[in-house]
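Starting from 1, each residue takes its place in the sequence as its number.
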Amino acid sequence: MKRLNCAILALLMILGLSACGTSSQAGNNSGGQTLGQGRGVTLRILSGSENRELEEILNAFAQKENINIEMDYQGSLDIMRTLQGESVDYDAVWPASSLWLTAGDTQYRVKHAESISITPVIFGIRQSLAEELGFVGREVSVSDLLEAIQSGKLRFCMTSATQSNSGCSAYIGFLYALLGNPDVITAEDLQDPALGEKITALLSGVDRSSGSSDWLKDLFLMGGYDAMVNYECLIISANQELAARSEETLYAVYPYDGMFLADSPLGYVDNGDDEKEAAFLKLQAYLLSDEVQDQIQRTGRRTGYEGVAAENEDVFRSDWGIQPQRVLSPVRMPSTEVLMECLDLYQTEFRKPSLTVYCLDYSGSMEGEGRTQMVEAMSQILIQENARTNLLQASEHEVNLIIPFEGEPRNVYSATGNGTELESLYDTVASEEALGGTDIYAAAEEALRQLKRYDLSQYTPAIILMTDGVSDGSFSDFQRYYEACGLDVPIFSIMFGSADPTQLEDLAELSNARVFDGREDLVGAFRSVKGYN
């Protein structure tokens, strides 16, 4: 019961970036945008980044009505935290799913919530592989997907179930299907050993993980992967780009017995301002009007459960396996307590274990506040009581390595599992002193040497590099070493202090990774990047 109570508290701290937009390569959220810039009332909207694609539609409204719209793009995690605060400095919220709106709004300040669009979570599989698997032109079950994974024919990219709405939706759908589609998942169902074996086997097919659905699409487009689990609108978006590049497109597969939907609710935060409420209702009515709903469909989102307008079927292309007239019948989300138990089991037992190498900058410039913040950030990952609040706790077979570095790597410290051995790494992090120069390439090269000792097919590997300065060493030399290793290992970087973003972006581009901005919130940046493996 104590474990479950901890999991329930973690509901306030979960599920990051979502659906159908473009991603930022640096930073922990996607920034903001002011639309309209008139002299009338201003609406501040806290939104998921997927709604960037609707800015042109929003701007047309703002210009016509002389209303300013300030869009602040964050993930569901931050939206829920904001709603849980003593005050909410926004006029509206627009997350990916009603589930997280309900979970965050415990003080019942959100009203007038309406779904603006709908998109299902599906598989996108390269056309030739989908044909080889026999998935083209027929209904496919989760068991069919599991069989393809167990035969070694299917590997896929997917967001983390504890950090992303699309990953959570897919995972809960898998559980429903593997349990035989009960009316609702119960805590007793989750104790079934057969379920554990099946879901572990299914998740063993994950090639690369992500904390963000839109970045997952970008990852897929960067490198040679065969499939991804994502929103239908992002599968469409990826195919549009693949077709423009004359590359093989994805075939959409709808697991008929385990499919969840994102319903994009837009709700008003009632702070007692009648003028803002009137402006919000006018905006909401505009978005729900027939004309604008048609425009929204053109972005690859559905606006109902029973198909799309005939004039928009060219967006939902049947030759890509998209089923524009499919009636969407989502499975039921379990109760809050059971949902949190599902996510806890995902993090600690069912997912493929992580193998993470932290390269931590202890150069002289980190002395003082920088070192203090880095130690605090690592405490949120290595100390499991802290990690549990963000559903980032380690599994029994997880491997963590620490490489403190300055002008060269100092040492390599490792821990396996989620016990005292892991938490002892925190003592190591806290005891290292800051002095010397900076060479991120030497540290990253040592990380690769360590990873070559493992069978990486059994893990989700990543290098997480944190630095606050300009590096010595040669990127070209490191690039040659990385390519010679032949490992598909992302090098995620956290930028801090006066770190050179160009050097870090080079590493990200080389390894199909991304850069996080820790200059304002280093602890938050570490939490975000850990959600990617």
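For the pair Y254/I322, a side-chain contact is recorded, criterion being any heavy-atom separation below 4.5 Å from C-beta on. Within the 4.5 Å cutoff, the side chain of P182 has heavy atoms near those of the Y176 side chain. Residues Y231 and R301 have side chains not in contact (no heavy-atom distance under 4.5 Å, counting atoms from C-beta outward). Between L178 and L146 the shortest side-chain heavy-atom distance falls below 4.5 Å. Considering only heavy atoms from C-beta on, L288 comes within 4.5 Å of Q293 through its side chain. Put simply, the side chain of L283 reaches to within 4.5 Å of the side chain of L58, judged on heavy atoms. Side chains of C157 and V229 form no contact here, defined as non-hydrogen atoms less than 4.5 Å apart. Between Q380 and L392, the closest side-chain pair of non-hydrogen atoms is not below 4.5 Å.
Between the CG atom in L175 and the SG atom in C342 there is a gap of 5.0 Å [rounded to 0.5 Å]. Separation of atoms OG (S117) and CG (L261) is listed at 11.0 Å; rounding is to 0.5 Å. Atoms CD1 and CD, on I122 and E232 in that order, are 5.0 Å from each other to the nearest 0.5 Å. To the nearest 0.5 angstrom, M158 atom CE is 9.5 Å from L216 atom CG. In this structure, CZ on R208 lies 7.5 Å from CE on M222, to the nearest 0.5 angstrom. We find the CG-OG distance between D72 and S47 to be 9.0 Å, quoted to the nearest 0.5 Å.
Just one of N400, T416, I383 meets the side-chain contact (heavy atoms from CB on, under 4.5 Å) condition when paired with L422; it is N400.
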In sequence, state the C-alpha distance, the side-chain angles, and the governing distance for Y532 and F492, and then conclude on ring pair (Phe, Tyr, Trp, His ring centres under 6.0 Å).
CA-CA 9 Å; Y532 279 65; F492 297 109; 5.6 Å; yes
D314/R298 under salt bridge (Lys or Arg N to Asp or Glu O under 4.0 Å): CA gap, chis, key distance, verdict
CA-CA 9 Å; D314 61 313; R298 299 297 300 175; 2.6 Å; yes
Which is it for L287 and W94 under the side chain to side chain contact (heavy atoms under 4.5 Å, CB included) test, yes or no, and what are the steps along the way?
CA-CA 13 Å; L287 291 171; W94 198 354; 3.8 Å; yes
Where do N312 and D294 land on the side chain to side chain contact (heavy atoms under 4.5 Å, CB included) test, with the steps shown first?
CA-CA 8 Å; N312 294 327; D294 183 72; 2.8 Å; yes
Take L145 and F135 through the side chain to side chain contact (heavy atoms under 4.5 Å, CB included) test and state the conclusion after the steps.
CA-CA 9 Å; L145 294 163; F135 289 168; 3.8 Å; yes
Stepwise, does the side chain to side chain contact (heavy atoms under 4.5 Å, CB included) test hold for Q107 with L83?
CA-CA 8 Å; Q107 299 181 52; L83 288 173; over 6 Å; no
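For the pair R514 and F516, the cation sits on the ring face: its NZ or CZ lies under 6.0 Å from the ring centre, inside 45° of the axis.
With Q384 contributing its side chain and A394 its backbone, the two residues share a donor-acceptor pair below 3.5 Å. Checking side-chain atoms of R155 against main-chain N and O of I149 turns up a donor-acceptor pair under 3.5 Å. Remark: the backbone N or O of L391 is paired with a side-chain donor or acceptor of T162 at under 3.5 angstrom. The closest donor-acceptor contact from the side chain of S237 to the backbone of C233 lies at 3.5 Å or more, if one exists at all. A donor-acceptor pair under 3.5 Å is absent between the side-chain atoms of T200 and the main chain of E197, judged by distance alone. A distance-only check finds no donor-acceptor pair linking the side chain of Y251 to the backbone of E131 [under 3.5 Å]. Between the T249 side chain and the N239 main chain, no donor and acceptor come within less than 3.5 Å of each other. Side-chain atoms of Y346 do not come within 3.5 Å of backbone N or O of S160 as any donor-acceptor pair. With Q325 contributing its side chain and Q323 its backbone, the two residues share no donor-acceptor pair below 3.5 Å. With hydrogens and angles disregarded, a donor-acceptor distance shorter than 3.5 Å links the side chain of S169 to the backbone of N165.
Scanning all heavy atoms of the two residues, the minimum distance from P95 to L101 falls at CG-CB, 4.0 Å. Of all the heavy atoms in V357 and A447, the pair that sits closest is CG1-CB, 3.6 Å. Here the shortest heavy-atom pairing between E423 and E385 reads OE2-N, 4.3 Å. Residues D344 and Q393 come closest through the heavy atom pair OD1-NE2, 2.8 Å. Pairing each heavy atom of L328 with each of M259, the nearest pair is CD2-CE, 4.0 Å. Considering every non-hydrogen atom in both S115 and D263, the closest pair reads OG-O, 2.5 Å.
Neither side chain, Q163 nor N390, offers a donor N or O lying under 3.5 Å from an acceptor on the other. Between the side chains of Q297 and T303, at least one donor N or O sits under 3.5 Å from an acceptor N or O. Side chains of N533 and T356: a donor on one and an acceptor on the other come within 3.5 Å.
For residues 246-257, the set of pairs meeting the salt bridge (charged side-chain N to carboxylate O under 4.0 Å, His left out) definition, not counting sequence neighbours, comprises R245-E247.
Side-chain rings of F156 and F123 approach one another, their centers coming within less than 6.0 Å.
Within a 6.0 Å sphere centred on CD of E291, other residues, nucleotides and ligands contribute 12 heavy atoms or fewer. Within a 6.0 Å radius of NZ in K198, no more than 12 heavy atoms belonging to other residues, nucleotides or ligands are found.
Between Y225 and F220, the ring-plane angle classifies as tilted under the 30° and 60° cut-offs.
Using a cut-off of 4.0 Å between Lys/Arg side-chain N and Asp/Glu carboxylate O, K530 and E398 are scored as salt-bridged.
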